[in-house]
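Can you keep this structure in mind? I'll have questions shortly.
Below, all heavy atoms of this structure are taken into account, side chains as well, without hydrogens, waters or symmetry copies. Fair warning: this is a prediction, and the values are worked out from it, not measured in the lab. FYI, the numbering just counts along the sequence from 1.
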Amino acid sequence: MAEIINNYLSPTNFTISIQRIPNIEFFVQKMSIPSLSATAPARDTPLSTLYDINDKLIYSDLEMTFIVDENMNNYKEIFDWMEGLSGSQTPTQTQKLALSEYGFKSDIIATITNSHKNPNTRFIFRDCFPTGLGSVELDVNVQDVSYATCSVTMRYNIFTMEQ
């Protein structure tokens with residue numbers, strides 16, 4: 001029988017751990033646990049279409065938003081990673097990334113904590129790499145100080161959930 005829990009999940013109780021880009025860990029303000037969908041293969045018959053059980057899972061991208069530090073170290077980590085993956089500036093960028101400690105990809109661990117701030121659930125995203133780095137908005141016309149944020153989109157092969 002399932003355990004009855006009366007506490008609700010707080011969207012502020014999480015931490016992120018990324019080996020390749022440690023400067024982003026404490027700055028992540030927002031993340032979305034990706035959606036998961038399955039494809040059910042169709043089988044046509046003379047009278048209707050029948051569906052078999054799911055044969056493939058489709059994972060959505062991992063999206064995170066982080067505060068950019070004043071030296072832009074966390075932004076630069078992702079920027080350099082993306083440039084290294086594409087080799088857009090020099091041919092040696094990709095080679096340098098391949099020979100680095102972590103290679104092309106890195107695992108990301110999102111730890112969800114319970115109402116007592118104790119680790120409760122871990123989502124492990126395997127073989128992640130960035131596919132998008134958002135813009136950083138700068139505006140001198142704001143009334144209150146609002147720190148610059150940026151979003152990053154990560155692709156991965158699979159994620160698992162552990163409790």
Side-chain angles (χ1 to χ4, degrees), residues 2-3 5 7-41 53-137 147-163:
E3 179 183 358
I5 304 288
N7 296 331
Y8 301 112
L9 178 65
S10 171
T12 61
N13 293 348
F14 71 95
T15 60
I16 298 290
S17 174
I18 308 170
Q19 289 178 322
R20 169 169 277 293
I21 50 175
N23 286 319
I24 199 174
E25 291 180 12
F26 299 108
F27 294 95
V28 173
Q29 298 291 298
K30 182 178 171 184
M31 72 161 291
S32 298
I33 303 296
S35 64
L36 180 68
S37 60
T39 58
I53 59 172
N54 304 329
D55 66 345
K56 182 174 25 173
L57 292 177
I58 300 169
Y59 301 94
S60 295
D61 291 340
L62 175 61
E63 303 276 344
M64 294 182 288
T65 301
F66 61 96
I67 293 177
V68 180
D69 66 277
E70 69 179 348
N71 293 329
M72 297 187 79
N73 291 326
N74 48 16
Y75 182 89
K76 184 166 177 24
E77 284 178 335
I78 299 168
F79 182 86
D80 290 345
W81 190 2
M82 289 184 74
E83 273 195 337
L85 289 172
S86 68
S88 63
Q89 298 299 317
T90 65
T92 59
Q93 279 181 306
T94 304
Q95 182 182 16
K96 183 179 173 185
L97 187 64
L99 296 174
S100 69
E101 181 179 356
Y102 300 110
F104 294 116
K105 299 177 180 181
S106 182
D107 290 350
I108 296 176
I109 299 172
T111 304
I112 312 299
T113 58
N114 63 17
S115 57
H116 300 291
K117 303 291 187 198
N118 295 322
N120 192 29
T121 305
R122 287 178 8 148
F123 288 90
I124 303 168
F125 300 89
R126 303 279 182 201
D127 299 329
C128 299
F129 58 94
T131 58
L133 182 61
S135 60
V136 178
E137 299 293 326
Y147 296 106
T149 61
C150 183
S151 62
V152 60
T153 302
M154 295 282 193
R155 195 67 223 152
Y156 54 92
N157 287 332
I158 191 170
F159 78 85
T160 58
M161 180 180 170
E162 298 175 356
Q163 290 190 314

| query | Do the two ring centres, one from Phe159 and one from Tyr59, sit under 6.0 Å apart? | reply | yes

| task | Using a cut-off of 6.0 Å, state whether more than 12 heavy atoms not belonging to Phe14 lie near its atom CZ. | result | yes

| query | Under the 3.5 angstrom rule, does the side chain of Asn114 hit a backbone N or O of Asn120 as a donor-acceptor pair? | reply | no

| Counting only heavy atoms not in Phe104, do more than 12 sit closer than 6.0 Å to its CZ atom? | yes

| Is a donor on one side and an acceptor on the other found under 3.5 Å between the side chain of Trp81 and the backbone of Lys105? | no

| So, for Tyr156 and Phe125, is the gap between ring centers shorter than 6.0 Å? | yes

| request: Please check if the side chain of Glu25 supplies one atom and the backbone of Ile18 the other of a donor-acceptor pair under 3.5 Å. | output: yes

| query | Does atom CG of Leu36 have more than 12 heavy-atom neighbours from other groups under 6.0 Å away? | reply | yes

| request: Grab the two heavy atoms, one from Val68 and one from Asn74, that are nearest each other, plus how far apart they are. | output: CA-OD1, 3.7 Å

| Taking side chain as C-beta onward, heavy atoms only, is Lys117 less than 4.5 Å from Asn13? | yes

| field | N/O donor-acceptor pair under 3.5 Å between Asp69 side chain and Asn71 backbone | value | yes

| query | Does the pair Glu162 and Thr160 meet the rule for a side chain to side chain donor-acceptor pair (under 3.5 Å), with working shown? | reply | CA-CA 7 Å; Glu162 298 175 356; Thr160 58; 4.6 Å; no

| note | Rounded to the nearest 0.5 Å, the CE atom of Met64 sits from the CD atom of Gln29 at a distance of 12.5 Å

